[in-house]
S.K.: 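Below is the structure I would like to discuss, written out as structure tokens.
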Amino acid sequence: MDITYDFEVYANDYQNAGNASSEIKKYLMQIGFTTKFIRKIVICAYEAEMNIVIHSLGGKLTITIDNKKIILTSTDKGPGIKDLDLALSEGYSTATEAVREMGFGAGMGLPNMKKNCKFFEIDSSSKGTIVKLSWEIKDETFS
Ligand SMILES: Nc1ncnc2c1ncn2[C@@H]1O[C@H](COP(=O)(O)OP(=O)(O)OP(=O)(O)O)[C@@H](O)[C@H]1O
Ligand SMILES: [Mg+2]
């Protein structure tokens with residue numbers, strides 16, 4: 001059995017930025033996963049959400065849970081990432097000065113996402129970016 005939830009994320013919407021990842025966190029807590037496991041997923045969800053807000057034209061986060069794994073997918077409507085290798089390297093950011101003043105743009109989002117999941121996949125074109133992350137559910141991921 002699969003359970004899927006979608007969370008719409010809007011471009012430049014700093015007012016609501018973070019809401020999708022807190023909803024995901026609440027949901028994972030209800031299921032009863034350990035805080036350690038939840039933290040990894042929420043770090044990734046937050047980074048993905050902020051990337052949609054800051055760098056994209058809008059998109060969504062999708063979380064799917066079955067008996068064996070959690071899959072988090074970030075999908076957006078473009079403009080895409082020109083150089084994926086560069087985007088995945090620590091410290092690389094195209095964030096504007098205004099965005100940096102809000103505390104973002106360290107160029108650590110994608111590298112952190114990669115570090116905090118079991119499987120990481122990114123695909124990007126001018127039509128949009130898809131980041132897919134997953135985690136295995138084991139006995140010890142329940143508290
Ligand atoms: N969804 C996206 N759409 C378009 N470009 C993106 C997207 N996500 C990331 N990027 C590009 O990849 C770069 C690196 O992303 P990353 O999340 O690692 O750093 P950042 O968002 O710039 O800063 P930080 O995440 O540390 O606040 C971004 O600066 C941006 O150029
Ligand atoms: Mg980022």
Side-chain angles (χ1 to χ4, degrees), residues 2-138 140-141 143:
D2 279 20
I3 302 168
T4 297
Y5 285 109
D6 268 344
F7 301 90
E8 205 67 33
V9 182
Y10 300 94
N12 297 310
D13 184 5
Y14 292 92
Q15 198 75 34
N16 295 302
N19 286 358
S21 16
S22 16
E23 287 303 313
I24 288 172
K25 182 179 182 179
K26 271 191 233 161
Y27 176 61
L28 296 172
M29 284 169 72
Q30 276 172 18
I31 296 177
F33 293 119
T34 62
T35 37
K36 193 182 160 195
F37 186 61
I38 294 173
R39 191 175 300 129
K40 290 184 194 173
I41 300 166
V42 175
I43 286 171
C44 294
Y46 181 73
E47 293 296 350
E49 182 175 6
M50 291 319 302
N51 280 353
I52 296 177
V53 172
I54 297 169
H55 306 294
S56 91
L57 302 166
K60 63 177 181 179
L61 290 186
T62 305
I63 188 156
T64 300
I65 305 184
D66 65 22
N67 292 328
K68 291 185 181 149
K69 61 193 180 305
I70 296 181
I71 303 173
L72 178 76
T73 315
S74 163
T75 320
D76 69 50
K77 301 178 229 171
I81 302 174
K82 283 205 189 77
D83 187 333
L84 279 180
D85 284 339
L86 203 54
L88 286 164
S89 58
E90 294 190 5
Y92 175 79
S93 178
T94 57
T96 61
E97 201 46 51
V99 166
R100 286 169 201 265
E101 271 165 26
M102 288 188 273
F104 306 105
M108 292 306 293
L110 289 172
N112 274 337
M113 285 158 76
K114 215 174 159 180
K115 266 182 217 159
N116 280 287
C117 66
K118 179 91 196 205
F119 301 103
F120 179 93
E121 202 178 278
I122 184 164
D123 187 35
S124 190
S125 77
S126 59
K127 297 245 167 69
T129 298
I130 301 173
V131 191
K132 189 173 165 184
L133 312 156
S134 65
W135 295 263
E136 287 172 321
I137 297 175
K138 298 177 185 159
E140 60 264 32
T141 48
S143 54

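Note that the structure is a prediction, hence the values are computed from the model and not measured. Counting starts at 1 for both ligands and their atoms, in listed order.
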S.K.: When you look for protein heavy atoms under 4.0 Å from ligand 1, which residues do they belong to?
M.R.: E47, N51, H55, D76, G80, I81, A87, Y92, S93, T94, F104, G105, A106, G107, M108, G109, L110, P111, T129
S.K.: With a 4.5 Å cut-off on side-chain heavy atoms, are S143 and T35 touching?
M.R.: no
S.K.: Angle between ring planes, F104 versus Y46, binned at 30° and 60°: parallel, tilted or perpendicular?
M.R.: tilted
S.K.: Could you grab the distance from atom CD of E49 to atom SG of C44, nearest 0.5 Å is fine?
M.R.: 13.0 Å
S.K.: Under the side chain to side chain contact (heavy atoms under 4.5 Å, CB included) test against I70, which residue among L28, T141, I38 passes?
M.R.: L28
S.K.: Heavy atoms, side chains only, cut-off 4.5 Å: are N51 and T129 in contact?
M.R.: no
S.K.: For the CD1 atom of I43 and the CG atom of N112, what is their distance to the nearest 0.5 Å?
M.R.: 7.0 Å
S.K.: Got more than 12 heavy atoms from elsewhere within 6.0 Å of CE, M29?
M.R.: no
S.K.: Protein N, O or S atoms less than 2.8 Å from the Mg ion (ligand 2), ignoring waters?
M.R.: N51 OD1
S.K.: In terms of heavy-atom contacts, does CD of E140 have more than 12 from other residues, nucleotides or ligands at under 6.0 Å?
M.R.: yes
S.K.: Check this for me: does any side-chain nitrogen of one of E90 and K115 sit under 4.0 Å from a carboxylate oxygen of the other?
M.R.: yes
